[in-house]
Amino acid sequence: MKDKLAEKLKETLIKIGNKSHIDLSDIRIEIKENKDKDFGDFSSNAAMVCAKKLSLTPIDLAKDVIENLKGIEGIEKLEIAGPGFINFFVTNTSRFKVLEDIFLEGDKYGIKTKTDQEKILIEYVSSNPTGPLHIGHGRGAAFGSVLASLLRANGNIVDEEYYVNDHGRQMDILAVSVLLRYIQLNDIELYYPDDCYQGDYIKEIAKEIFVKSKNKLVPQSSEFFELVKKAKDSEEGLNETISWIKDEEVQNLKIIKDSALKNILSVIKLDLKEFGVNHNSWFHESSLYKKEGSKNSKIEQALETLQNNNFIYEEDGAIWFKSTEFGDDKDRVVRRANEDPTYFASDIAYHLDKYERKYDRVINIWGSDHHGYLPRVKASVSALKQDEKKLEVVFIQFANLLRSGEKVSMSTRGGEFIELADLIEEVGSDAARFFYINRKGDQHLDFDLDLAKEQSKDNPLFYIQYAHARVCSVMQKLNKNQKLDINIAKKNLNLLIGEKEIDLQKQLAMFPEIIERSASKLEPHTICYYLKDLASIFHSYYNDEKIITDDENLLQSKLLLINSVRQVIKNGLGVLGIQAPESM
RNA sequence: GCCCCGUUAGCUCAGUCGGAUAGAGCGCUGGAUUCCUAAUCCAGAGGCCAUAGGUUCAAAUCCUGUACGGGGCACCA
C-alpha cells in the first residue's frame with residue numbers, strides 16, 4: 001500500500017511539474033507511517049519539498065496534489081495539515097491485505113527476491129588461531145552471522161569467510177608454547193615464559209602431540225634450555241628462542257605448528273557451530289605465501305603490482321608503500337629490513353584476492369580498535385587500481401559482561417578470559433546472539449548475564465518468544481477438529497477493525513521494509529526493536545480480547561490475525577538465527 | 001598532538017536517508033487475574049535531546065567550535 005501511494009504521489013508531482021515545464025523526476029520525496037493516528041496512516045512531505053521549485057506555497061501545491069490523487073483505490077481521505085503535510089487515511093479494507101499476504105507467503109514473507117542480486121563477501125571473526133574464542137569475539141561473530149542472513153533475506157548472495165592468521169609471530173609463539181608444555185610432560189623442569197600462551201588448552205594440545213609423536217620432539221641441545229631460561233620474562237629472549245627453533249628444529253616445529261593449528265581450528269569451528277555461526281569459506285593467510293607453480297606468491301604479486309604502479313620506495317633498509325598518496329597519515333612498511341613481508345603486506349594480497357573473486361561488495365567486520373588500520377587498507381586497494389568503494393568495514397565495539405550488576409573482569413593476561421563456549425552454555429545461543437546484536441555495533445555494549453537468563457518481560461528476547469509461544473498455545477487450546485480456515489477468515493476480515501487489531505496490521509505490514517532498511521544500513525539491531533514492538537502490541541491485544549469464541553466467523557478472523565503475528569515473529573527471529581519456541 | 005565513536009527521562013537504550021506534541025523498558029506510584037500462559041496488561045509522574053553557533057519552511061537528526069567519556073595512532077598480528 002505504501003509503495004503504491006509513493007508511486008502515485010511521484011507520478012502526480014511530475015505531472016504537475018510538467019505543466020510549468022519543471023522537471024521533478026529526480027526529486028526525492030518521502031512517505032512514512034505516522035506516529036499520531038490523528039494524522040492518518042501515512043504522511044508525505046512532498047509538497048514542502050517541491051513547493052520552492054514550483055514557486056508555490058506548500059499548501060497550494062498540496063491542494064493541487066490532492067485534487068490529482070482523488071479516487072485512488074484504498075484511500076478513504078486525504079488531508080493537508082501543518083505546514084503542508086499531505087496525510088493519507090487508508091480504508092480498513094486495504095489494510096487487511098497484509099494478512100492474506102502473510103498467509104500466502106508464510107516463511108517467505110518479508111524475504112526479498114531480487115533480479116539484480118549482489119554478490120557479497122562478509123569476513124568476520126577471523127580471530128588468531130592461537131586459542132579458543134572468548135567473549136570478546138562473540139559480538140563480531142553474532143553480528144557477522146546475522147548480517148549475512150539479513151543480506152540474504154534482502155535478496156543477495158552472501159559468502160561468509162574466516163581469515164585464518166596461520167602465519168607469523170603469534171603462530172610461532174603458539175608453537176613454542178606447545179613445545180615447552182610438551183617438554184614439561186617429561187618431568188623436565190623448565191621456565192615457562194610470561195609471553196607464551198597461558199591457557200590450559202596448550203597443555204592438552206601438547207599431550208595429544210606427545211602421544212602421537214611418541215615423545216620424540218624434545219630438543220636435545222642444552223643451548224635451547226639456556227635460551228628458554230632467558231625467555232622467561234623478556235620478549236627478546238623469547239624471540240631468540242623462536243629463531244633458534246626455526247633454525248635447528250625445522251621439522252619438529254612444523255609438526256607441532258600443524259597439529260596445534262589443526263586442533264585449535266577444530267575447537268573454534270565447534271564453538272562457532274554451537275553459536276549458529278556458519279562460515280562457508282576458510283581463507284588461510286599462509287596460502288598467500290605459497291608459490292603458485294611458476295608464479296610468485298600472492299604477496300609478491302601484489303607488491304610487484306604496487307611497484308609497477310609506482311607506489312613503492314625503499315628507505316632505512318625497508319620497503320614502503322606510499323599510502324599517504326591516498327590520505328593515510330603516514331607511509332607504511334610492507335617489507336621489513338630483514339626482508340620478511342609485514343602483516344599489512346599479506347593483508348594487501350588478501351584484499352586483492354577478495355577483489356579478484358569478483359564480489360560486488362566486500363564487507364569486513366573488525367573490532368573498533370582497528371579503525372586506524374582502514375585508511376591504509378583502502379589506500380592499498382586504490383593503489384592496486386581497484387574500486388575502494390566496494391570495501392565496507394563495520395566496526396564492532398567491545399562488550400562488557402555484567403553479572404549481578406558488576407563488570408566481569410575480562411583480562412586476557414594469564415588466560416583468565418571467559419570463553420565464548422562458556423557464555424553459550426550459561427545463557428544459551430539464542431540469548432547470546434540477541435543480546436550481542438541488540439545494539440548498534442559501534443557502540444559499547446553491556447551484556448547483562450542475569451537479564452539474558454531472566455524469564456520476564458525485562459528480557460526483550462523472552463518477551464518476543466513468549467508472544468510466539470502464546471499464539472501457539474491458543475492454537476493448541478482449540479477443539480480437536482478446529483483449525484485456522486483461511487476461506488472463512490478471508491470473508492470476515494472486516495471484523496478486525498478494533499484499535500489494536502489495526503495497530504497489529506500496520507506493524508505487520510512494516511516488516512518487509514524493516515528487513516530492507518536494516519540490511520541496507522547494516523544495522524541488525526533494528527529488527528530486535530521491531531519485534532519487541534510487535535510483541536508488545538500483541539500482548540496488549542491478547543490481554544484485552546478473548547481469541548477463542550463460539551462465533552466461528554470472529555474466531556477465524558482472529559486466528560488469522562494472531563497467526564500472522566506468529567509468522568512474522570518466526571521470520572524475524574529466523575533472520576537473527578534465533579528459535580521461535582512453541583511453548584515456554 | 002592527530003584520527004574514529006559516543007553524550008536523549010534517575011538507570012539501560014530506541015528514534016525511519018531532516019518533519020507535526022521526542023519514545024520504550026527498568027525503577028517509582030496506583031490498578032487489572034472465577035477467563036486462551038498474570039511469564040502478561042493498564043494508568044500516572046519523570047526531558048534545556050552535553051554545550052555554543054550555523055544551514056533550512058522545518059534540526060535530537062546535517063555543518064563548525066567547546067566540554068566530558070571510550071578507543072586508536074608499530075619494520076605487532
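So that the names make sense, note that chain A is the first sequence line, chain B the second, and so on, each numbered from 1.
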Going by modelled atom types, is there a donor-acceptor pair between the base of A20(B) and the side chain of Asn87(A) at under 3.5 Å?
-> yes
Between C75(B), U37(B), U16(B), which nucleotide gets closest to the side-chain atoms of Lys521(A)?
-> U16(B)
Is any side-chain nitrogen or oxygen of Gln443(A) closer than 4.0 Å to OP1 or OP2 of A14(B)?
-> yes
For G15(B), take OP1 and OP2 only and decide whether either is under 4.0 Å from a side-chain N or O of His525(A).
-> yes
Think Lys457(A) has a side-chain N or O under 4.0 angstrom from the OP1 or OP2 of C41(B)?
-> yes
Would you call Glu582(A) and Lys570(A) a salt bridge, using N to O less than 4.0 angstrom?
-> no
Separation between the P atoms of G10(B) and G53(B), rounded to whole Å = 24 Å
Closest to the 5' end of RNA chain B, once Glu513(A) and Lys532(A) are matched to their nearest nucleotides, is Glu513(A)
Could you verify whether a donor N or O on one side chain and an acceptor N or O on the other, from Glu285(A) and Ser346(A), lie under 3.5 Å apart?
-> yes
Which value, in whole Å, describes the distance between the P atoms of nucleotides G65(B) and U61(B)?
-> 16 Å
In terms of side-chain heavy atoms of Lys546(A), which of U37(B), C36(B), C41(B) is nearest?
-> C36(B)
Nearest-Å distance once atom P is located in both G70(B) and U8(B) | 15 Å
Specify the residue among Phe85(A) and Glu33(A) whose closest nucleotide of RNA chain B lies further upstream toward the 5′ end.
-> Glu33(A)
Could one point to a donor on the side chain of Ser43(A) or the base of A20(B) with an acceptor on the other under 3.5 Å away?
-> yes
Electrostatic pair Asp347(A)-Arg376(A), nearest N-O below 4.0 angstrom | no
Should Leu402(A) and Lys407(A) count as side-chain neighbours, where that means a heavy-atom distance under 4.5 Å?
-> yes
Pairwise C1' distance, U7(B) and G44(B) [rounded to whole Å] | 29 Å
Just by distance, with hydrogens left out, do Tyr541(A) and Glu501(A) show a side-chain donor and acceptor under 3.5 Å apart?
-> yes
Sticking with atom C1', work out how far C49(B) lies from A14(B), rounded to a whole angstrom.
-> 13 Å
In terms of side-chain heavy atoms, does Asn438(A) have a donor or acceptor partner in Lys532(A) at a distance below 3.5 Å?
-> no
Sort me out a list of protein N/O and nucleotides 54-62 of chain B N/O pairs below 3.5 Å, or just none if empty.
residue : atom : partner  : partner atom : Å
C57(B)  : OP1  : Lys52(A) : NZ           : 2.3

Looking only at N and O atoms, is any donor in the side chain of His444(A) or the base of G71(B) less than 3.5 Å from an acceptor on the other one?
-> no
Mark yes or no for a side-chain to base donor-acceptor pair under 3.5 Å between Asn543(A) and U40(B), with no hydrogen or angle criteria applied.
-> yes
With P as the reference atom in both, quote the distance from G18(B) to A60(B) in angstrom, rounded to an integer.
-> 13 Å
Taken to the nearest whole Å, CG/Asn34(A) to P/A20(B) is 9 Å
Does Arg470(A) have a side-chain nitrogen or oxygen under 4.0 Å from the phosphate oxygens OP1 or OP2 of U37(B)?
-> no
With respect to the phosphate group of C41(B), does any side-chain polar atom (N or O) of Tyr463(A) fall under 4.0 Å of OP1 or OP2?
-> yes
Choosing from C36(B), A77(B), C75(B), which nucleotide comes nearest the side chain of Glu285(A)?
-> A77(B)
Whole-Å P distance, C26(B) and C41(B) | 8 Å
Under-4.0 Å salt bridge between Glu545(A) and Lys558(A) = yes
Does Lys440(A) make a side-chain N or O approach to OP1 or OP2 of G15(B) shorter than 4.0 Å?
-> yes
Taking atom types as modelled, find out whether Ser540(A) and Lys500(A) have a side-chain donor-acceptor pair closer than 3.5 angstrom.
-> yes
Asp316(A) has its side chain closest, among C75(B), C42(B), A77(B), to C75(B)
What integer number of Å spans the C1' atoms of A59(B) and U16(B)?
-> 15 Å
Tell me which nucleotide among A39(B), C35(B), A38(B) gets nearest to the side chain of Tyr542(A).
-> A38(B)
Are Tyr529(A) and A24(B) stacked, counting the six-membered base ring, centres under 5.5 Å, planes under 30°?
-> no
Phe538(A) and Ile569(A), any side-chain heavy atoms less than 4.5 Å apart = no
